[in-house]
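Below: one structure, written as structure tokens.
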Amino acid sequence: MAKEYNFREIEKKWHQLWTERQTYKVTEDESRKKFYVLNMFPYPSGAGLHVGHPLGYIASDIYARYKRLQGFNVLNPMGYDAYGLPAEQYAIKTGQHPEKTTFANIDRYREQLDKIGFSFDWDREVRTCTPDYYKWTQWAFQKMFNSYFDEELQKAQPIEKLIEKFKKEGTWPADEKAQNDLLMQYRLAFLGETMVNWCPKLGTVLANDEVVNGVSERGGYPVEQKKMRQWCLRVSAYSQRLLDGLDTIDWSESIKETQRNWIGRSEGAEIEIKTLSNSPLKGENSLPLREGWDGSFTIFTTRADTMFGVTFFVLAPESELVDKVTTPEQRKAVDEYIKYVKSRTERERMIDHTVTGVFSGAYGINPITGDKCPIYIAEYVLAGYGTGAIMAVPAHDSRDYAFAKHFGLPIIPLVEGADVSEESYDAKEGIVMNSPISPDKSVEYDGESLCLNGLTIKEAIAETKRFVKAHNLGCVKVNYRLRDAIFSRQRYWGEPFPVYYKNGIPTMIPEECLPLELPQVDKFLPTETGEPPLGNAQKWAWDEKTNTVVDCSSIDNQTVFPIELYTMPGFAGSSAYYLRYMDPHNDKALVSPEAAAYWQNVDLYVGGSEHATGHLIYSRFWNKFLFDLGVSKKEEPFQKLINQGMIQGWSSFVYRLRGTNKFVSFDLLEVQYDNEAKKNRYFYQGTEADPVYADISMVSGNVLNVEKIREWTPEFRDGEFILNGNGQYIVNQAIEKMSKSKYNVVNPDDICENYGADTLRLYEMFLGPIEQSKPWDVAGIDGCFRFLKKFWALAQNILNNPNTQNAPSAEELKSLHKLIKKVTSDIETFSYNTSIPAFMVAVNELSQLKCSSRTILEPMVILIAPFAPHIAEELWEQIQMVNGKWVNGKCPSVFDAHWPVFDEKYLVETSVKLGVQFNGKVRFDMLFPADATPEQMVEMATSAPEAQKHLEGMQIVKTIAIPKRIVNIVVKPV
RNA sequence: GCCCAGAUGGUGGAAUUGGUAGACACGAGGGACUUAAAAUCCCUUGGCCAGUGAUGGCCGUACGGGUUCGAUUCCCGUUCCGGGCACCA
């Protein structure tokens with residue numbers, strides 16, 4: 001009895017059975033090899049899941065199921081990144097506790113995820129906002145606080161070791177406050193007075209990766225620089241290890257490159273610039289740096305070779321040297337300049353690169369030439385990088401060049417053939433000259449003076465470094481652009497810091513008292529006195545005597561102290577969640593040593609590339625720290641990374657005539673390109689028409705359903721719709737990121753309802769390469785649906801054939817093994833989009849061959865199982881019923897079967913390329929005479945000695961002589 | 001400005017990594033079944049040219065060169081689109 005493919009029934013049945021049978025429950029099993037698949041866990045937003053979300057989940061689910069079929073013990077967990085700004089802002093607006101909305105959103109996500117049929121082990125679910133989870137976020141923070149980075153060992157060490165060292169050296173201060181200040185400079189989690197990105201509109205500081213083009217990533221509000229006392233993580237200490245680790249992991253080159261840029265290693269030299277009196281140089285016309293200050297400062301350069309071209313020095317306006325160097329005569333001008341710089345926002349500084357600066361009145365002495373050079377202060381030099389001071393070489397640095405031109409400073413070219421009359425020559429290629437201009441322009445140290453003339457730039461850099469080092473003028477130095485991460489936020493909905501302030505000194509709450517739970521507040525806004533939202537909490541003080549949280553009113557300076565009001569940023573909870581999945585219910589440890597030893601690290605991580613400089617750096621840092629502690633067993637958390645592309649939406653626009661309630665069909669509009677605004681403007685009979693978003697569900701093709709849109713919102717109800725000649729209203733369409741506000745979100749639920757989860761899964765993979773972004777377009781979904789129906793029909797034909805035990809024919813076996821080969825290698829390389837066509841071809845071939853063999857069907861069902869698990873389980877059950885494999889009314893799951901093994905011998909009708917067999921043909925890559933006819937070529941090819949070897953026992957089916965010099969011979973076993 | 005990744009029919013995209021370009025799907029056109037619709041099935045579908053026809057010829061993977069018997073694939077240059085970094089000395 002051939003049954004119809006009823007996906008609704010099948011999918012419902014298997015969702016139930018999978019839950020009942022705990023099909024996807026995973027436990028540590030030493031007898032099997034582990035495989036850890038992970039998706040970046042989602043932030044549960046109010047908009048629910050859209051068709052873009054599952055793309056990565058489906059891809060990883062296919063891999064997870066495939067690995068399981070290969071006999072691996074697969075961990076494939078899922079959870080929620082539950083702390084975040086939207087829930088908090090919603091809470092401010094409505095007064096609803098963020099936990100309530102977050103949990104409601106999570107339930108909705110879960111419901112949607114369940115429909116798609118993932119193999120997640122839900123017993124291991126984590127939510128970053130639950131105390132049993134954030135206990136370990138707080139714990140890790142405390143460990144970082146109590147650790148420092150040992151430069152020699154290149155790893156984190158307990159802070160006690162550092163104290164011991166100080167004591168031994170005799171540099172350990174007696175005063176408790178001084179001890180605290182000293183250790184703060186070393187702790188991996190530390191309180192720092194740093195310039196931060198302050199966003200007044202959000203009322204919080206932001207990390208560097210949360211600021212894009214000078215505005216906040218979320219909301220696009222202006223961000224300013226502000227000096228604040230903040231918790232920071234010393235990420236920069238791990239710069240070199242973060243960089244080196246990239247070479248050991250299997251990530252895309254572009255994302256590694258992004259991280260390398262972000263870490264920004266540059267090798268250079270630090271050179272000390274001295275005054276006359278403490279300099280070994282004694283010249284007649286040299287002056288001290290400044291009267292009354294006999295100091296020196298250090299500059300950083302990657303172009304040590306250009307020392308002979310230095311004509312001035314520049315300090316960053318924020319540098320503390322500015323005050324020391326400025327002469328009384330220049331004081332006023334400098335103060336004014338500093339005031340101007342402070343008035344500029346980060347964004348202005350970023351966009352506007354006009355040359356500004358001021359002379360400090362002081363001079364520095366070039367240790368190589370002995371020249372006296374003016375010291376300027378200019379905003380183009382950044383305080384946070386290198387030493388905040390540079391030597392300026394206008395001939396070979398475009399920024400120095402612009403500055404020199406503006407202030408009329410000399411420019412000395414140092415590279416042969418470089419014309420610096422119009423612009424600087426920045427390239428690191430060429431032969432050095434003018435270094436020195438004349439022998440007496442190079443200062444002698446211990447009888448040696450530097451000469452670089454005739455060397456290449458690379459040689460000159462090395463030579464200068466040697467010289468500087470040999471004569472103690474400075475040192476070779478590696479700098480990193482990577483900054484320490486600012487780790488506190490002035491928000492409510494985040495992990496509280498397990499810290500209280502005892503006489504102003506931050507003190508950790510005892511480890512055994514963790515977690516420190518987020519207190520209840522009645523308002524989620526900052527307090528009237530400008531304190532963060534936690535300032536609203538009544539019960540937010542720590543009693544040392546009882547080790548409990550007590551009411552703020554009992555703060556008495558004896559045993560009760562105020563608790564930190566800041567909370568942790570979003571990336572805190574997402575930095576080690578992959579470790580927690582290994583052992584999610586353990587209340588004694590983040591992860592037990594046994595579980596960590598078994599699961600090691602994530603073998604396959606799938607997520608968006610937008611996290612390249614955020615989460616993917618922070619969690620690598622966090623993991624390296626835990627690795628130093630021995631908690632994590634691998635130095636890198638994510639061995640292989642796949643970045644799924646974004647699925648974009650089709651936004652639809654209707655056009656409203658300005659000042660009216662008339663909407664005009666798009667094809668009736670005249671287009672004008674506005675050069676200034678760089679966009680199109682539309683007109684109807686001289687009146688401008690403005691685009692208005694229309695919901696995607698009201699549009700089919702590009703035709704608007706006018707009735708539907710009238711029902712949608714009041715603004716359309718009474719609208720007048722001006723239709724085109726065909727009586728249709730045409731909309732304009734654009735591809736944009738899917739977003740609630742653009743009304744272009746396509747929900748996977750509808751697809752599941754109309755086509756089933758298996759079709760959705762197949763189609764999302766069929767759409768194109770997983771890493772590529774593409775617009776969502778349902779046009780092709782019917783193809784995948786039809787394929788599943790054909791697959792079903794083929795299976796029913798086989799199962800209902802009385803002779804299903806028939807031995808398969810050679811052609812059927814060939815079809816099958818071609819498929820095994822293709823699908824196996826596709827899954828290994830994540831080219832799912834080409835597997836699905838292979839299935840289609842195989843099913844067509846087998847249908848045409850009127851295949852009736854279960855020997856073929858069984859492996860086919862296993863092959864499709866990772867892609868379309870529901871239909872596979874259903875067919876497997878039917879096969880096993882026919883096979884009589886049901887035990888006690890229970891059928892084994894297809895996922896307990898074994899992945900079929902490809903056997904080359906079934907592809908025998910194969911071919912040879914100079915002795916190498918492949919795909920259906922024998923190819924002779926020989927040199928034939930240019931004038932040989934095809935017949936002659938075939939004759940020559942088949943009689944060649946190498947050919948005999950391959951033609952033996954074969955029957956020639958067909959020969960193809962490709963003009964020019966190739967002969968293909970299609971053969972078949974006799 | 002610097003770095004990275006791309007460009008193939010009407011559309012999404014294949015091509016065993018140097019070997020007959022355009023798999024598979026969508027769309028379009030034609031046909032079968034049907035009272036009709038849905039569903040299903042079959043044929044055609046890169047462009048141009050010749051032929052009643054089977055078929056044959058030429059052009060064609062953004063553009064211009066090169067290496068090679070042979071290039072979508074490798075090398076050099078140009079254009080365009082996307083991503084990252086950006087006063088980082």
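Proteins get letters first, then strands, A, B, ... in listed order; numbering begins at 1 in each.
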Practice task
Determine the contact category for A:Arg481: base if any of its heavy atoms lies under 4.0 Å from a base atom, sugar-phosphate if only primed atoms, P, OP1 or OP2 are that close, otherwise nothing.
Solution key: base
Handout entry: Identified pairing partner of B:A89, criterion: Watson-Crick or G-U wobble below 3.5 Å
Key = none
Practice task
Could you work out the separation of B:A62 and B:A71 based on their C1' atoms and round it to a whole Å?
Solution key: 16 Å
Practice task
Measure the acute angle between the ring planes of A:His611 and A:His615, then classify it against the limits of 30° and 60° as parallel, tilted or perpendicular.
Solution key: perpendicular
Practice task
List the protein contact pattern of nucleotides 22-28 of chain B with one symbol per nucleotide (5' to 3'): B for base contact, S for sugar-phosphate-only contact, - for none; contact means a heavy-atom distance under 4.0 Å.
Solution key: -BBSS--
Practice task
Using a heavy-atom cut-off of under 4.0 Å over every strand shown, decide if A:Val314 touches base, sugar-phosphate, or nothing.
Solution key: nothing
Problem - Euclidean distance, A:Ile457 CD1 relative to A:Asp305 CG, rounded to 0.5 Å - result: 5.5 Å
Practice task
Provide the distance between the two C1' atoms, one in B:A25 and one in B:C74, to the nearest whole Å.
Solution key: 31 Å
Handout entry: B:A89 phosphate, OP1 or OP2, under 4.0 Å from A:Tyr380 side-chain N/O
Key = no
Practice task
Determine if the base of B:U67 is syn or anti; take syn to mean the glycosidic torsion is within 90° of 0.
Solution key: anti
Practice task
Indicate, with a heavy-atom threshold strictly under 4.0 Å, whether A:Pro775 touches base, sugar-phosphate, or nothing.
Solution key: nothing
Practice task
Say whether, by atom type as modelled, one donor and one acceptor occur between the side chain of A:Arg761 and the main chain of A:Phe867 under 3.5 angstrom.
Solution key: yes
Handout entry: Candidate list A:Phe313, A:Phe407, A:Tyr337, test ring-ring contact (aromatic ring centres under 6.0 Å, His included), partner A:Tyr376, passing option
Key = A:Phe407
Problem - B:U73 versus B:G19 - spacing of their P atoms, nearest Å - result: 11 Å
Completion exercise
Quick note, A:Thr258 side chain, CB onward, closest among B:C87, B:C4, B:G84 is B:G84
Problem - Heavy-atom donor-acceptor pair, A:Arg481 side chain to A:Asn261 backbone, under 3.5 Å - result: yes
Practice task
To the nearest Å, give me how far apart CD (A:Gln848) and P (B:C41) are.
Solution key: 11 Å
Practice task
Round to the nearest Å and state the distance from A:His396 atom NE2 to B:A89 atom C1'.
Solution key: 14 Å
Practice task
Any strand is fair game: report the nucleotide pairing with B:A15 by Watson-Crick or G-U wobble, both distances under 3.5 Å, or none.
Solution key: none
Exercise for the section: Round to a whole Å and report the spacing from CG of A:Asp777 to P of B:G12. Expected result: 10 Å
Completion exercise
Syn within 90° of 0, anti beyond: B:G13 is anti
Practice task
Please measure how far the C1' atom in B:A23 lies from the corresponding atom in B:U11, and state the result in whole Å.
Solution key: 16 Å
Exercise for the section: Report the distance from atom CH2 of A:Trp262 to atom C1' of B:C85, rounded to the nearest whole Å. Expected result: 9 Å
Practice task
For A:Glu253, report the nucleic acid contact type (base, sugar-phosphate, nothing); a contact means any heavy atom under 4.0 Å.
Solution key: nothing
Completion exercise
Ranking A:Thr387 and A:Thr613 by the position along RNA chain B of their nearest nucleotide, the one closer to 5' is A:Thr613
Exercise for the section: For nucleotides B:A21 and B:G9, find the distance between their C1' atoms and express it as a whole number of Å. Expected result: 11 Å
Practice task
Would you confirm whether the ring centroid of A:Tyr763 sits within less than 6.0 angstrom of the ring centroid of A:Tyr755?
Solution key: no
Practice task
Please work out if A:Arg483 contacts a base, only the sugar-phosphate, or nothing of the nucleic acid, heavy-atom cut-off 4.0 Å.
Solution key: base
Exercise for the section: Using atom types as modelled and distance alone, determine if a side-chain donor or acceptor of A:Asn479 lies under 3.5 Å from a backbone N or O of A:Ser266. Expected result: no
Practice task
Count the heavy atoms of every other residue, nucleotide or ligand shown that sit under 6.0 Å from CD of A:Glu423, and state whether that count exceeds 12.
Solution key: no
Handout entry: Under-4.0 Å side-chain N/O to phosphate OP1/OP2 contact, A:Lys774 with B:G13
Key = no
Exercise for the section: Report the distance from atom CG of A:Asn261 to atom P of B:A5, rounded to the nearest whole Å. Expected result: 13 Å
Practice task
Grab the CE-C1' distance between A:Met646 and B:G84 for me, whole Å please.
Solution key: 14 Å
Completion exercise
If pairing means Watson-Crick or G-U wobble with both distances under 3.5 Å, then the partner of B:A7 is B:U79
Completion exercise
To the nearest 0.5 Å, atom CG of A:Asp826 lies from atom OG1 of A:Thr834 at 3.5 Å
Practice task
Could you check how far CG of A:Asp397 sits from P of B:C2, rounded to whole Å?
Solution key: 14 Å
Exercise for the section: For the pair A:Phe791 and A:Phe839, name the ring-plane relationship: parallel under 30°, tilted 30 to 60°, perpendicular over 60°. Expected result: perpendicular
Practice task
Please determine, for B:A21, whether a Watson-Crick or G-U wobble partner exists with both distances under 3.5 Å, and give it or none.
Solution key: none
Exercise for the section: With C1' as the reference atom in both, quote the distance from B:C24 to B:U35 in angstrom, rounded to an integer. Expected result: 37 Å
Practice task
Scan every strand shown for a Watson-Crick or G-U wobble partner of B:A50, both distances under 3.5 Å, and answer none if you come up empty.
Solution key: B:U55
Practice task
Pick base, sugar-phosphate or nothing for A:Leu767, based on heavy-atom distances below 4.0 Å to the nucleic acid.
Solution key: sugar-phosphate
Handout entry: Distance between C1' atoms of B:G65 and B:A28 (Å, rounded)
Key = 39 Å
Problem - Distance in angstrom units between A:Gln772 CD and B:U11 C1', rounded - result: 14 Å
Problem - Whole-angstrom distance between B:C59 and B:G1, as gauged at atom C1' - result: 41 Å
Fill in the blank from the handout: Checking N1-N3 plus N6-O4 or O6-N4 for Watson-Crick, or N1-O2 and O6-N3 for wobble, each under 3.5 Å, the partner of B:U73 is none
